[in-house]
Colleague: 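Dropping a structure here in C-alpha cells format, bear with me for questions.
Quick note: numbers below take in every heavy atom, side chains included, and nothing from hydrogens, waters or symmetry partners. Position 1 is the first residue of the sequence, and the numbers go up from there.
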Amino acid sequence: MTRFKHLFGLLIIFSSFSSLAPATIADERLSFESTSNEEKPSSNGIYSLKVPKNHKNPDGEKVDIYYFFHKATSESDRIGLLFFNFGGPGADAIGGAKDTIQDLLPVPITKSFDLIFLDPRGTGKSAFANKIRKYANEVRKCEEKKTCDTDAFIKDIALYMGTNAVADDMDALREHFGEDKISYLGYSYGTRLGSIYAERYPDRIRAAVLDSSMSPIFENEEEIEIDMARNYEKIANYRLNHKFERLKKLKSIVNTIRNSSNYQTSDGYDIDKKHLNAILSLLIEENDSQDTLDWFSSEGYVAITELLDKNKGKDFHDVYIKELSAMEEKDQSTVEENIVYKIVSCTDEITPLSDKEIEENEDKYWQSSMMYGGFAFEKNSGTCLGWEAGQSPIASTDDINKNINSNILIIGGRHDPQTAYNWAEDMHKTIKSSTLITVDGYNSVRHTFSFWGNKCVDEITTEYLLNPSKKINDATCTVKEPSKNI
C-alpha cells in the first residue's frame, strides 16, 4: 500500500512494547553483515539464492535474491518455515529482521519456526536493487526540472519485479529448503503478496496471516487510492468524536478553499490550502503507540476542535509549523522506495487505465469523499501515469476465491488509516475459508497489529500459526477507553 505501511525496523511506524517477552536469549548474536553461500542454511545469517530472472523461462538468465535465516531454537518443537513480509512494496525485510526476532516475536514462534526474511526484488541486495539505486541518483538530479525519462529503465526490469515474480521467488526458496509447505506472515502490501502466493501455490500454504489487508477487488492503482479517500473521511469522523457539526464545518472549510478562497477564522487567522492539508493530515495520522499516545488529549485535537467548534484559529496556528514540518518529513520517502512502489503497483494491475482516464479521475476522488477527495487526489493519484512497461497481472478476485481453500487468518483495524478496514472485509469475503479478527476501540488509529503488543491479537496469531487447523471464529479485539471524559 502507499508509502511503506509497515516495516518493523525500517518503515514509518516504529515502536516496541515491553509486554512482549524477548524471543531469544539476551546474549545471542545475530550476524547481519556477511553473506553466506547458497547451500541450505544450518545457522543464522544472510544467504543468497539464484532464481530465474523470468520464472516462465526457468533455464534462462538467473538473478540473486537475498534473505536472512534464523533457525528454530528448539529442534524438537520445529514446525517448518515462516516467511515474513513487512509491506511496501519497496522496502527490504532483512533490515527489520533483528528487531523482529529479538524484541517482538514470542518465544513459541522462534522455538517452532525457521524464520525467513526475504528481500523482494529491487530491495536490499536482491535482484535489480543496485540498478534502482544508480537510477535513483539520476532521478535526484533531474526531478526538480521534471526532465526524467524512465521508460527505458522501467521496461528493462518492470515485468520481473511484480508480485507474481516475488511469489515465485518465495516458492523457489521453499523448494531450496526441501519443505512441502510454508507458513507466512505479511503486513499491509505483504497481504497482497501472501494472497497471491496462496492462489498460485494453494497446496504449499500451511498457514498465512494477512495483517492489515489490502483488498483483492481493485484492479488498478487508481481504484485503490479513490477508495482510500473514503477511508480517510471515516478516520477523521472518528478523530472528531463523531460530531456532526464538526464534520459539517470542516467540509465547509474544504469547499471554501477548493473554490480558490482562503478561510478566515473569527480571531483573524487565515487558513489556506497548506493549512488545510495539515489539518487533514493530522486527523488521519496514526498513533505511534496505542499505549502512550492519546489523541483526544493531544494538542492537535484541541487545536482542531477549537477551530471547528468555536471558529478560532490561534491554537491551530501554534501547532501548524510543527505539524507541517513533521508532515513534510514523513512524505520524504526515498527515491528508491518510490521507484519500486511504482514498478510493482503498475506491473500488478489487472485493468490498467489510460493516461487520459487517470488525469480525468479527480471527480471520482471527490465523489468518494467531499472532505478528502482533493487531498487524496493530490497525494496519491497518477502513480501509473505514463506507464508503458506492460503488466504481469495479479490474480483476480474470482481466481483467489476459487483457488484458496486453506484457512487464512485476516486482521483488520476498524480505524486503520493505511489499509481500510473494508479491504480486510473484502479479503475475508473473497477467501471463504478465512477468519477475520477486527481491532477496534479507543485510540485505535493504527496500522498493523500482530506482535505489536495487543495481547488479544498476539495470542490469536500465535495460536493460529502453531495450529492452523484449529478452528478460530471471527472475533473483535477491543482497545479499552480510559476512565475519563473526552
Side-chain angles (χ1 to χ4, degrees), residues 2 222 225-287 294-328 330-331 359-382 414-418 420-422 442-445 485-486:
T2 308
E222 287 291 297
E225 303 301 354
I226 289 168
D227 194 67
M228 182 51 67
R230 183 182 298 109
N231 185 57
Y232 289 157
E233 184 166 328
K234 291 178 182 177
I235 303 302
N237 189 6
Y238 167 74
R239 278 283 177 76
L240 294 174
N241 213 10
H242 301 286
K243 301 289 187 181
F244 174 77
E245 291 301 321
R246 290 176 180 170
L247 291 169
K248 182 179 178 181
K249 180 69 173 181
L250 183 53
K251 288 180 180 179
S252 174
I253 295 174
V254 170
N255 190 56
T256 297
I257 295 174
R258 182 185 180 189
N259 291 323
S260 303
S261 299
N262 291 346
Y263 179 83
Q264 300 290 329
T265 67
S266 61
D267 53 349
Y269 287 89
D270 195 55
I271 304 294
D272 61 15
K273 191 173 184 178
K274 282 189 175 181
H275 294 96
L276 174 62
N277 284 344
I279 294 170
L280 296 175
S281 179
L282 186 59
L283 282 170
I284 60 173
E285 184 178 59
E286 61 190 280
N287 298 337
D294 184 351
W295 161 256
F296 296 105
S297 298
S298 69
E299 61 181 7
Y301 176 77
V302 172
I304 290 175
T305 53
E306 278 286 297
L307 173 64
L308 300 179
D309 293 348
K310 301 176 183 178
N311 199 31
K312 293 183 178 181
K314 182 182 183 304
D315 286 344
F316 175 72
H317 180 268
D318 291 344
V319 301
Y320 168 69
I321 298 300
K322 182 190 302 183
E323 174 57 26
L324 180 62
S325 176
M327 183 171 63
E328 290 175 345
K330 283 185 295 183
D331 284 344
E359 290 169 343
E360 294 177 348
N361 254 345
E362 186 172 3
D363 285 346
K364 293 183 179 179
Y365 281 84
W366 283 108
Q367 290 165 10
S368 182
S369 170
M370 293 305 294
M371 185 187 298
Y372 275 92
F375 177 88
F377 179 74
E378 290 187 11
K379 182 179 177 65
N380 301 330
S381 179
R414 185 79 67 180
H415 306 124
D416 187 334
Q418 306 292 356
Y421 176 69
N422 58 282
Y442 183 78
N443 212 33
S444 57
V445 180
N485 295 324
I486 55 172

Colleague: Run the side chain to side chain donor-acceptor pair (under 3.5 Å) test against T265 and tell me which residues pass, sequence neighbours left out.
Modeller: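 Expected list: D267.
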Colleague: Is the side chain of S381 donor-acceptor paired with the backbone N or O of E378 at a distance under 3.5 Å, no angle test?
Modeller: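 No: the side chain of S381 does not pair with the backbone of E378.
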Colleague: Only counting residues at least two apart or in another chain, list the ones meeting side-chain contact (heavy atoms from CB on, under 4.5 Å) with A376.
Modeller: A229, Y232, Y365, N380
Colleague: Could you walk me through whether D294 and Y442 pass the side-chain hydrogen bond (donor to acceptor under 3.5 Å, both in side chains) check?
Modeller: CA-CA 9 Å; D294 184 351; Y442 183 78; 2.6 Å; yes
Colleague: Applying salt bridge (Lys or Arg N to Asp or Glu O under 4.0 Å), name anything that partners E359, two or more places apart in sequence or on another chain.
Modeller: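 With neighbours one apart ignored, the set is empty.
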Colleague: By salt bridge (Lys or Arg N to Asp or Glu O under 4.0 Å), which residues pair with K243, not counting sequence neighbours?
Modeller: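 Salt bridge (Lys or Arg N to Asp or Glu O under 4.0 Å) check on K243 returns nothing, list empty.
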Colleague: Under the rule for ring-ring contact (aromatic ring centres under 6.0 Å, His included), what residues qualify as partners of Y421, not counting sequence neighbours?
Modeller: none
Colleague: For residues 249-257, tabulate all N or O donor-acceptor pairs below 3.5 Å that involve a side-chain atom, not counting sequence neighbours.
Modeller:
| residue | atom | partner | partner atom | Å |
| --- | --- | --- | --- | --- |
| K249 | NZ | Y263 | OH | 2.5 |
| K251 | NZ | E233 | OE2 | 3.2 |
| T256 | OG1 | S252 | O | 3.0 |

Colleague: Identify the two heavy atoms, one from L247 and one from M371, that lie closest to each other, and give their separation to 0.1 Å.
Modeller: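 Distance-wise, the nearest heavy atoms are CD2-CE, 3.5 Å.
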Colleague: Is R239 reaching over with its side chain to a backbone N or O of L283, donor-acceptor style, under 3.5 angstrom?
Modeller: yes
Colleague: Is it true that a side-chain atom of R414 and a backbone atom of S444 form a donor plus acceptor pair closer than 3.5 Å?
Modeller: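 Not at all, since once roles are kept as given, no pair shorter than 3.5 Å links the two residues.
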Colleague: For Q367, give me all partners under side chain to side chain donor-acceptor pair (under 3.5 Å), at least two apart in sequence or on another chain.
Modeller: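 Side chain to side chain donor-acceptor pair (under 3.5 Å) check on Q367 returns nothing, list empty.
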Colleague: Restricting to side-chain contact (heavy atoms from CB on, under 4.5 Å), what partner residues turn up for E360, sequence neighbours left out?
Modeller: K356
Colleague: With sequence neighbours left out, write down each residue that passes salt bridge (Lys or Arg N to Asp or Glu O under 4.0 Å) with D272, or none if nothing qualifies.
Modeller: none
Colleague: With no hydrogens and no angle check, is any side-chain donor or acceptor of N231 less than 3.5 Å from a backbone partner on D416?
Modeller: yes
Colleague: Considering residues at least two apart in sequence or located in another chain, which fulfil the ring-ring contact (aromatic ring centres under 6.0 Å, His included) criterion with F316?
Modeller: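 In terms of ring-ring contact (aromatic ring centres under 6.0 Å, His included), with neighbours along the sequence ignored, F316 is linked to Y320.
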Colleague: Is there a donor-acceptor pair closer than 3.5 Å between any side-chain N or O of S298 and the backbone N or O of W295?
Modeller: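 Pair found, side chain donor or acceptor close to backbone of W295.
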Colleague: Please report the shortest heavy-atom distance between N361 and E222, naming the atom on each side.
Modeller: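 Residues N361 and E222, closest heavy atoms: ND2-OE1, 3.1 Å.
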Colleague: Among all residues two or more places apart in sequence or in another chain, which pass the side-chain contact (heavy atoms from CB on, under 4.5 Å) test with S266?
Modeller: N311, K312
Colleague: Sequence neighbours excluded, which residues qualify as salt bridge (Lys or Arg N to Asp or Glu O under 4.0 Å) partners of D227?
Modeller: R230
